[in-house]
Structure formats: structure tokens, C-alpha cells
Amino acid sequence: SLNEARWNELPLTTGRKLAPLVGAAPGELAVADSTSVNLFKMLALALQLRPDRNVIVTEAGNFPSDLYIIDGLCGLLERPVEVRRAAPDQLAGALDERTAVLCLTHVDYRSGRMHDMTGLTAAAHEAGALALWDLAHSAGAMPVDLDGAGADLAVGCGYKFLNGGPGAPAFLFVAERWQEQGQQPLTGWLGHARPFDFSDGFEPAPGIARNLCGTPPVLSMAALDAALDLFGGLDLQALRRKSEALGALLFSLYDQELRDFGFELVSPREDARRGSQVSLSHPRGYEIVQALAEAGVVGDFRAPDILRFGLAPLYQRYEDLWDAVSAVKEIMREERWREPRFAERGIVT
Ligand SMILES: *Cc1c(COP(=O)(O)O)cnc(C)c1O
């Protein structure tokens with residue numbers, strides 16, 4: 001079946017399905033590995049494409065795995081590379097003639113705040129740097145236009161808004177202009193031009209395929225591939241409008257129902273500055289999220305005090321938000337979160 005059902009080609013064929021969701025050309029995207037591994041590959045490629053520069057600019061408070069991967073890669077390099085972690089509103093000012101790459105997550109996992117991808121990519125280019133975007137909280141939730149924004153490289157997650165299921169494979173994007181200019185360092189056999197020649201030396205495959213490493217996880221790929229069929233022919237602008245409307249409803253329900261319980265609003269109210277989530281903070285956030293899960297409303301807790309409510313415009317109903325807010329209100333009014341079992345911490349929060 002690797003031949004007959006074309007299992008071996010899934011990284012590229014599933015990639016072609018995913019490409020239009022993030023504004024990539026069909027040959028600019030591949031599905032493979034995890035987001036963290038792909039970030040390592042793309043960051044190493046970016047540094048290779050800017051050999052005379054020695055600064056990576058990223059955001060203080062970026063998703064921890066992204067920060068850890070940046071540091072891990074820098075620890076391997078022969079040339080010293082400085083990691084500059086700037087505040088979210090100081091990023092453009094942190095770029096200079098030493099910057100090799102601006103490495104950012106488009107939508108912040110805690111607050112849902114969304115960066116101006118076009119503006120920041122242009123600022124990176126003006127400084128002579130590349131722009132690498134992590135689309136973990138954007139892909140499948142809104143239209144993303146990597147090529148329109150002029151992005152150089154990107155990575156993203158298959159198990160969030162793309163619905164690929166637990167641990168689904170991730171994706172990577174390399175703008176066509178860079179594809180033959182460098183080689184990411186995880187040169188496994190499936191990135192080889194002719195893997196089944198079994199030759200001793202690596203020779204990169206043409207195009208995006210040189211960014212693959214090893215054998216694809218076929219069962220997980222098949223699930224992601226099927227999930228992507230749900231997006232076929234979908235108007236992504238309509239998806240975004242639904243997401244914005246869900247957000248607006250959640251804000252007004254918050255104002256109406258939850259004002260008196262000690263929450264603070266963490267997400268920007270302005271649609272243009274927000275991805276597809278609404279986050280609140282509360283000193284007892286952990287316990288509240290656990291009590292909510294028991295009531296059938298599954299959110300996320302993010303340390304130290306954030307309650308994150310994801311808005312999945314593909315299938316969430318307005319009514320679901322009313323039910324969720326009612327459940328929060330009941331838990332707060334009855335102080336049900338005080339039950340000791342809700343304070344027990346699992347490994348995954
Ligand atoms: C979820 C997420 C990841 C996930 O990385 P994995 O390697 O797939 O575990 C990476 N980056 C961001 C910004 C995320 O939100």
C-alpha cells in the first residue's frame with residue numbers, strides 16, 4: 001500500500017490539501033513531524049540562508065516549546081547566535097542589520113492576541129531578515145495568507161483547529177524562492193532525491209520534499225487528511241466571520257453574566273487583534289477549569305492563571321457559548337470549584 005495507496009506520498013498530497021488554508025502554493029507545504037521538530041528544521045534553514053547574521057528575534061512569552069527549540073538549536077551552532085526576546089509591541093524595533101530571522105507565533109496561545117503578519121514580515125524584510133511564522137493557533141481558524149504576506153518560512157500544528165486528532169502530524173512551509181537555496185539539517189532518507197537508491201551520500205530532493213525526514217505516521221496522516229476534507233470548498237472569510245461573531249457573543253455574555261466573579265479579560269476585544277479564542281484570568285483558574293470539564297465544558301488552563309476558551313467556528317454553535325457561560329456562572333455562584341479534588345493537578349493542564 002505504500003505504493004498502491006500512495007501512503008509514502010501523504011506528506012506531499014496532504015500538504016497540497018492544507019496549502020490553500022494558509023495561503024501557500026501547492027508545492028510550498030508538506031505535512032510531517034511535530035511543530036517543534038519542524039521549527040528546528042526551518043530555523044536552521046533560516047540561519048543557513050542568512051550566514052552573515054547572528055541574531056534571532058522572537059517574542060518574550062512566545063510558546064515555550066518554540067523558545068526552547070530556539071535555544072536548543074543555538075547551543076548546537078558553531079557561530080554564536082544571540083536570541084533577542086522582545087515585548088510583543090517592540091518587535092519591529094528589535095530588528096537590525098544583524099538579524100537573521102524574525103521567529104514569531106501568529107496568535108498568542110495565552111491571550112489570543114494576533115500579530116500583523118504582513119506588517120511584521122515587511123519589517124523583517126526591510127532589515128534584511130527572514131520571517132518565520134508559527135501558525136499553531138491560526139491554521140483552520142481563519143484565512144491565513146503566507147504568500148500574500150511575503151512570509152519566508154512557516155510551521156503549524158495539525159491537532160488544533162485542523163482537527164487532525166491527538167498528536168496529529170504538523171506542517172512546514174518554505175516559500176518557493178528559498179526551496180533550492182538551502183537544506184534543513186535533518187537530512188533523513190525521505191528528503192533524498194532517490195531514497196530507494198540507498199546511496200551513501202545525501203542528495204536533496206527537488207522542491208519541498210527535501211524538508212521531509214523519515215517515514216510518515218500513516219495512520220495519523222490518514223486522520224488528518226480526512227479532517228482536511230471538511231475544509232474542502234469552504235469560504236475561509238465566512239469561517240472567520242463566524243469566529244468573530246462567536247467572540248463578540250462571548251464578550252457580551254461575559255459582560256452580562258460573569259462580571260462579579262473576579263475574572264479579568266485577557267483577550268483583546270477588537271476583532272482584528274484577536275485569533276479564535278477568548279481568555280480570562282482568575283487566581284483560581286485551575287480549579288475552575290477542572291470543575292467546568294466535569295460539567296462538560298472543556299477549556300484549557302494555562303499557567304499561571306489563564307482560562308482559555310477556544311472558538312471552533314467550523315462546528316461550534318452560539319448556544320454552546322451560552323451553555324458554557326451558564327456553567328461558569330453556576331460553578332462560581334455555588335463556589336463548586338472549592339471542592340478539593342478540583343485542585344489535584346494532572347501532568348497535562
Ligand atoms: C501547540 C503548539 C505547538 C505544538 O508543538 P508540538 O511539537 O506539536 O507539540 C508548537 N507551537 C505553538 C505555538 C503551539 O501552540
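These numbers come from the heavy atoms of this one structure, side chains and all, not from hydrogens, waters or symmetry mates. First listed ligand is number 1; within each ligand, the first listed atom is number 1.
The distance criterion of under 3.5 Å between nitrogen or oxygen atoms is not met by Ser65 with respect to ligand 1.
Annotation: Arg269, atom CZ; neighbour count of heavy atoms from other residues, nucleotides and ligands within 6.0 Å is above 12. Open room surrounds CD on Glu126; 12 or fewer heavy atoms of other groups in view lie less than 6.0 Å from it.
No side-chain donor from either of Ser252 and Asp255 sits under 3.5 Å from a side-chain acceptor of the other. Counted by atom type alone, Ser276 and Ser243 present one or more donor-acceptor pairs between their side chains at under 3.5 Å.
Near Thr105, the atoms of ligand 1 lying under 4.0 angstrom from a non-hydrogen atom of the residue are 13 (C). Near Tyr159, meaning under 4.0 Å from one of its heavy atoms, ligand 1 places the atoms 1 (C), 4 (C), 5 (O), 6 (P), 8 (O), 9 (O). Each of the atoms 15 (O) of ligand 1 lies under 4.0 Å from some heavy atom of His137. Applying the 4.0 Å criterion to heavy atoms of Ala136 picks out, from ligand 1, the atoms 2 (C), 12 (C), 13 (C), 14 (C), 15 (O).
Residue, atom and distance of the protein heavy atom nearest to atom 11 (N) of ligand 1 are Asp134 OD2, 2.9 Å. Summary of contacts: the protein heavy atom closest to atom 1 (C) of ligand 1 is Lys160 NZ, 1.4 Å. The nearest heavy-atom contact from the protein to atom 7 (O) of ligand 1 is Ser36 OG, 2.6 Å.
Proximity of Asp66 to ligand 1, defined as any heavy-atom pair under 4.0 Å, is confined to the side chain (atoms from C-beta onward).
In this structure, Met117 is a member of the same hydrophobic cluster as Val107, with clusters built from ILVMFWY side-chain heavy atoms closer than 4.5 Å.
Remark: Lys242 qualifies as a cation-pi partner of Tyr318 under the 6.0 Å distance and 45° angle criteria applied to the six-membered ring. For the pair Arg345 and Tyr286, the cation-pi criterion (under 6.0 Å, within 45° of the ring axis) is fulfilled.
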